[in-house]
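The next block holds one structure in the form of structure tokens; read it before the comments.
The analysis underlying the following values was restricted to heavy atoms, covering all of them including side chains, and did not include hydrogens, waters or symmetry mates. First the proteins, then the strands, lettered A, B, ... as listed; each starts at 1.
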Amino acid sequence: MPELPEVEVTRLSFADRVAGARIKAVSVGKPLRWPLGCPPRQLVGQRVLAVRRRGKYLLIDLSDGLMLIHLGMSGSVSFGDDFPALGKHDHFEMVTSLGTLRLNDPRRFGAVVYARGESDPVAHKLLGRLGVEPLSEAFDPAAFHQALKLRKTAIKQVLLGGEAVVGVGNIYASEALFLAGIRPTTKASRISKPRAALLHRAIQLVLTQAIAKGGSTLRDFSNAHGEVGHFQLEAMVYDRTGLPCRVCATPIKSLRQGQRSTFYCVSCQKP
DNA sequence: CACGGATCCTGATGGC
DNA sequence: TGCCATCAGGATCCGT
């Protein structure tokens, strides 16, 4: 589920409330994608300093080291005071002086990983190859165009790859390409500089709007308060196969690229 | 080495 | 309280 907007919405929903908390207890459930990397009790007594985001990772700065949380396909974080007993899919829980953080993740593609610092090999392995942040100053149209020129594959695949830009997943890749008027199957290297600039802007626009709408909730996403997102209600193409394009009424088409569904309008999006 | 495909796991959905 | 196939917001690993 979670792409950059959902991760950012999650971060915003509990970062302020957890900052300054003292960790009182940590427990883990069934194995996630990667092991925690330290005994849970090593975290007890530490202070939570801040919650940041890098790509689709939440970074929780501790007084000694940091935790990296990835939500995978089906993960969600909740933070509160009055929780029922751990559920079947609650696989990580951290009780603090300011509330309890839980990760619920049915498919267990997510992870919670402890690292001693961002230069720790464990952290570097996960964060080291990530591309530029799309909502930062470093995301530059000219540089983006240069990055695309190096890639021979379809632009949709390049966006998902996370090397040219991070945080764009399956929903927002289709949406951004629609806004930019670019066919998802177009080879990245063939995209002109002006069209790369359009796509650059479209990515920023789509992600910013999605964050403002609280993210997308297709099946199970919610922020740390349990509130769902609404972006999907105004998706232009995602999951709209056969429905009329919101711009030109041509039926939306779908195809598979790298085992993922892609949605587009043949009329509005040119190769 | 760049690319495509299989893979991890559980649950929902729809056809038969 | 049927069974089976397919699909789901991610990302790594492994062939070619």
Side-chain angles (χ1 to χ4, degrees), chain A residues 1-11 29-35 53-58 68-77 87-92 103-113 122-131 134 147-177 184-189 203 206-207 209-211 213-223 228-235 237-242 254-263:
Chain A
M1 74 21 49
E3 304 181 33
L4 183 151
E6 290 73 33
V7 176
E8 181 65 8
V9 165
T10 298
R11 188 187 75 80
K30 294 171 81 171
L32 294 164
R33 176 159 197 165
W34 299 297
R53 180 190 56 73
R54 177 75 175 97
K56 297 171 188 170
Y57 287 91
L58 287 171
L68 292 76
I69 300 181
H70 198 290
L71 302 179
M73 287 279 264
S74 57
S76 62
V77 162
K88 183 180 180 183
H89 300 301
D90 293 326
H91 300 304
F92 180 85
L103 174 68
N104 183 278
D105 186 2
R107 294 177 72 181
R108 292 190 282 125
F109 289 173
V112 182
V113 175
V122 174
H124 195 261
K125 182 174 189 292
L126 301 179
L127 306 177
R129 303 204 51 186
L130 295 182
L148 296 188
K149 280 170 69 175
L150 301 174
R151 313 302 303 273
K152 186 173 157 31
T153 27
I155 181 61
K156 162 82 179 325
Q157 307 271 60
V158 172
L159 292 181
L160 292 186
E163 293 185 3
V165 59
V166 286
V168 180
N170 209 38
I171 296 178
Y172 303 113
S174 281
E175 293 297 308
L177 287 165
T185 46
T186 304
K187 303 262 178 281
S189 57
I203 289 168
V206 163
L207 297 180
Q209 289 182 347
I211 292 169
K213 291 286 175 183
S216 296
T217 300
L218 297 185
R219 34 199 338 114
D220 53 12
F221 171 73
S222 63
N223 67 23
V228 302
H230 300 286
F231 179 87
Q232 77 283 359
L233 297 177
E234 48 200 71
V237 291
Y238 186 84
D239 203 23
R240 301 195 71 242
T241 309
S254 60
L255 52 79
R256 304 281 294 178
Q257 291 177 286
Q259 347 284 95
R260 315 297 299 281
S261 292
T262 301
F263 305 87

Under 4.0 Å between a side-chain N or O of Arg260(A) and OP1 or OP2 of dG10(C)? yes
Measuring from Leu103(A):CG to His70(A):NE2, what's the distance to the nearest 0.5 Å? 11.5 Å
Go through DNA chain B in 5' to 3' direction and return only the first and the last nucleotide with some atom under 4.0 Å of chain A's heavy atoms. dC3(B) to dA12(B)
Hey, is Phe109(A) stacking on dG10(C)? Ring centres under 5.5 Å, planes under 30°. yes
Donor-acceptor pair, side chain of Gln257(A) and main chain of Gln157(A), under 3.5 angstrom: no
Does OP1 or OP2 of dG10(C) have a side-chain N or O of Ser74(A) closer than 4.0 Å? no
Please state how far atom CD in Gln259(A) lies from atom C1' in dT12(C), giving the value in whole angstrom units. 13 Å
Have a look at Arg151(A) and say if it touches a base, only the backbone sugar-phosphate, or nothing, with a 4.0 Å heavy-atom cut-off. sugar-phosphate
What residues, two or more places apart in sequence or in another chain, satisfy ring-ring contact (aromatic ring centres under 6.0 Å, His included) together with Phe109(A)? none
Arg108(A) (side chain) donor-acceptor with Pro31(A) (main chain) under 3.5 angstrom: yes
Sugar-phosphate, base or nothing in reach of Gly258(A), heavy atoms under 4.0 Å: nothing
Checking base pairs now: Watson-Crick or wobble, both atom distances under 3.5 Å. What partners dA6(B)? dT12(C)
Any side-chain N or O of Tyr57(A) below 4.0 angstrom from OP1/OP2 of dG10(C)? no
Expressed as a whole number of Å, how far does the C1' atom of dG9(C) sit from that of dC3(B)? 23 Å
Assess the side chains of Arg256(A) and Ser261(A): does a donor N or O sit below 3.5 Å from an acceptor N or O? yes
Opposite nucleotide pairing with dC3(C), Watson-Crick or G-U, both atom distances under 3.5 Å: dG15(B)
Is any side-chain nitrogen or oxygen of Arg256(A) closer than 4.0 Å to OP1 or OP2 of dA8(C)? yes
Is the side chain of Glu175(A) donor-acceptor paired with the backbone N or O of Ala235(A) at a distance under 3.5 Å, no angle test? no
